[in-house]
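In what follows, a single structure is set out as structure tokens and then discussed.
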Amino acid sequence: MPLVNRVKELRARHQLTQGDLAEKVGVTRQTIISLEKGSYTPSLMLAMHIARVFKEPVESIFTIEEETK
């Protein structure tokens, strides 16, 4: 099941660059790029750090997308 996220949307709303967010959560800019593209699944710790930056519950940022049959 793919994990979808609202990181790009929230980052734009908070006027943060990918580099700004990367620095705040202790990862590289490339990690944020991969996360926004959906090609990287964050650890629980990273997801919680991101949620803290945006002051949102983790589950409002990261959602498991149900596969259709």
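Using a distance-only test at 3.5 Å, with no hydrogens or angles considered, a donor-acceptor pair links the side chain of Asn5 to the main chain of Leu35.
For Gln18, the side chain to side chain donor-acceptor pair (under 3.5 Å) partners at least two apart in sequence or on another chain are Glu36. Remark: Thr28 pairs with Thr31 by the side chain to side chain donor-acceptor pair (under 3.5 Å) rule, at least two apart or across chains. By the salt bridge (Lys or Arg N to Asp or Glu O under 4.0 Å) test, Glu23 pairs with no residue at all, sequence neighbours left out. Applying the side chain to side chain donor-acceptor pair (under 3.5 Å) criterion to Glu56, with sequence neighbours excluded, gives Ser60.
Heavy atoms only, all atoms of each residue included: Arg29 and Ala22 are closest at N-CB, 3.6 Å.
Residue pairs satisfying the ring-ring contact (aromatic ring centres under 6.0 Å, His included) criterion with at least one member in residues 5-34, sequence neighbours excluded, are listed as follows: His14-Phe54.
At least one side-chain heavy atom of Arg6 sits less than 4.5 Å from a side-chain heavy atom of Arg13. A 4.5 Å side-chain heavy-atom check between Val4 and Phe62 finds every atom pair outside the cut-off. Contact annotation: the side chain of Leu21 never approaches that of Leu10 to less than 4.5 Å [non-hydrogen atoms, C-beta and beyond].
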For residues 38-53, which side-chain donor-acceptor pairs fall under 3.5 Å, sequence neighbours excluded?
{"unit_1": "Ser39", "atom_1": "OG", "unit_2": "Ser34", "atom_2": "O", "d": "3.3"}
{"unit_1": "Ser43", "atom_1": "OG", "unit_2": "Leu46", "atom_2": "N", "d": "3.0"}

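The line from CD1 of Ile32 to CZ of Arg11 is 8.5 Å long, rounded to the nearest 0.5 Å.
Transitive grouping of hydrophobic side chains (ILVMFWY, heavy atoms separated by less than 4.5 Å) keeps Val27 and Ile33 in distinct clusters.
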